**Q** 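Below you will find the structure I want to go over with you.
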Number of protein chains: 2
Amino acid sequence: MPKISDKQREGRRQQILEAALACFAEDGFHQTGMADIVKRSGLSHGAVYLYFQSKDDLIEALADDRHRREAVLNSVAQGSGDPIEGLHALVRVYAQWLTDPAGEARRRVGIHGWAEALRNRRVRSSVVEGIDMPRALIVALVERGQHDGLIKRDLGAEAIARMLIAIFQGFVLQKSWGEDFDVAACMAAVDGVIDGLRTTRPDVKRRTRT
Amino acid sequence: MPKISDKQREGRRQQILEAALACFAEDGFHQTGMADIVKRSGLSHGAVYLYFQSKDDLIEALADDRHRREAVLNSVAQGSGDPIEGLHALVRVYAQWLTDPAGEARRRVGIHGWAEALRNRRVRSSVVEGIDMPRALIVALVERGQHDGLIKRDLGAEAIARMLIAIFQGFVLQKSWGEDFDVAACMAAVDGVIDGLRTTRPDVKRRTRT
DNA sequence: AAATAAAAAACGATCAGTCAGTCATTTTTA
DNA sequence: TAAAAATGACTGACTGATCGTTTTTTATTT
């Protein structure tokens, strides 16, 4: 006989998570106090601990970003046909995610999570698994392209995948620090690199970024 | 009339810095206590505060890595001639730095520094300036290559530089988390990308990594 | 003895987390 | 249906521990 509905309960949970996200994005995990989260959520200490066992629980809950993974999946679902085009579609998704102002807090928390992953095994698992999915996706695309003779065979698909992921990670860092990071230009460079993976043909249509 | 020589003083300083580096690499800046550093250094609380005014002082002193910047400078000093070859030389330097087991602590502290840069202005300045130097270097190389007709002109030199730096940053992350990160293969992929920047010619000697 | 380096002790502040108690709502009883 | 009892949701003052830093004391060298 619950006193509030499941929907209300989930709402409270999100209320706390949003407060924690904002705090963590501002000051990092360990410089954010529970008092900060409590104040921002508008609830009390005790109430927060009804929904999350500990501060580490909150950290783990926020270290992972399910939304982004789903977006990646959708992007490949629609991107059928040419593997190279699939890679471009992926770039497009990440470019959008990188540009979205509403996602800045998530990006910042993500960076803090990368550091936290060095010392927290559960956070590390979450982070590594988070990049495993797009990695497998890229590997599959590249291997298919190589099999079909569309992509050069002299580079490992795994290495290419890790490199593309590294690019996005580095871009997140640079964008989060820098005042003058030109997302469009950098994404165009990535598109250029992807086109460079093509087996050399007489006339290759070169993509241009919108 | 000092009781210990300047050499001894500098030795003590390094002793503390090394202890702090090891601690920060293990647990991050804010999860490391001064007591940890004191214990590891073999000194006392008071002694440490004779050499550093505060914990933040230690963080700032370690957030930057002068050694690496010097290595980058040297690499380009020796790499004259072909700009593309200069980029490959840069890749070689970073590959070595990424592989060196003795540098693992520095890499880990570097990652913590990337997160800290989000909320600490001085650390951010240090980090951003740290990448500004290699960035300017790559930009200069690429622009020279483009001017000489060796490198394609359809991509911005700035964007290419940021992309290459992003690759290295991402590799540092992935290597520090992962158990199965193939440095050689990934560096080969970077070499492949760099070769892809070349203006298309009939026969291009393709590099192979040692 | 004078000076300085280092060690030891102690400082107030802040931390994550707890728990006895209040309030509001629901269920039971009459 | 109305009062009583029960329970869930929530509060906030409080705890012991730990934080970075300062002050005091001891040891060592000139």
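Bear in mind that the values here come from a model prediction, so they are computed numbers and not experimental data. Just so we're on the same page: letters track the sequence lines, and every chain starts at 1.
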**Q** Can you tell me the distance, in whole Å, between the CD1 atom of Ile59(B) and the C1' atom of dG20(D)?
**A**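 My rounded result for the distance is 11 Å.
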**Q** Would you compute the distance between atom CH2 of Trp114(A) and atom CG of Leu173(A) and round it to the nearest 0.5 angstrom?
**A** 5.0 Å
**Q** If I take atom CD in residue Gln8(A) and atom C1' in nucleotide dA9(D), what distance separates them, rounded to the nearest angstrom?
**A**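 Checked: the CD to C1' distance equals 11 Å.
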**Q** Assign a letter to each nucleotide of nucleotides 11-22 of chain C from its 5' end: B, base within under 4.0 Å of a protein heavy atom; S, sugar-phosphate only; -, no contact.
**A** -----SBBB---
**Q** Quick one: do Arg92(B) and Glu85(B) make a salt bridge, cutoff under 4.0 Å?
**A**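 Salt bridge flag = yes for Glu85(B) with Arg92(B).
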**Q** Please work out if Leu50(A) contacts a base, only the sugar-phosphate, or nothing of the nucleic acid, heavy-atom cut-off 4.0 Å.
**A**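 If one applies the 4.0 Å heavy-atom cut-off, Leu50(A) turns out to touch a base.
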**Q** For a quick check under 3.5 Å, do Gln14(A) and Glu10(A) share a side-chain donor-acceptor pair by atom type?
**A** yes
**Q** Using distance only, find each side-chain donor-acceptor pair of residues 130-139 of chain A under 3.5 Å and give its atom names and separation, not counting sequence neighbours.
**A**
residue   : atom : partner   : partner atom : Å
Asp132(A) : OD1  : Arg135(A) : NE           : 3.1
Asp132(A) : OD1  : Arg135(A) : NH2          : 2.5
Arg135(A) : NH1  : Glu158(A) : OE2          : 2.2

**Q** With heavy atoms under 4.0 Å as the rule, sort Phe52(B) into base, sugar-phosphate or nothing.
**A** nothing
**Q** Are any of Tyr51(B)'s side-chain N or O atoms less than 4.0 Å away from OP1 or OP2 of dA6(C)?
**A**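 Tyr51(B) to dA6(C) OP1/OP2: side-chain N or O found under 4.0 Å.
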**Q** Would one find a side-chain N or O of Arg9(A) under 4.0 angstrom from OP1 or OP2 of dG8(D)?
**A** no
**Q** With ring centroids as reference points, do Tyr94(A) and Phe171(A) lie under 6.0 angstrom apart?
**A** no
**Q** What's the shortest heavy-atom distance between Arg108(A) and Leu118(B), and which atoms?
**A** NH2-O, 3.0 Å
**Q** Output the rounded distance in Å from CG (Asp6(A)) to P (dA9(D)).
**A** 10 Å
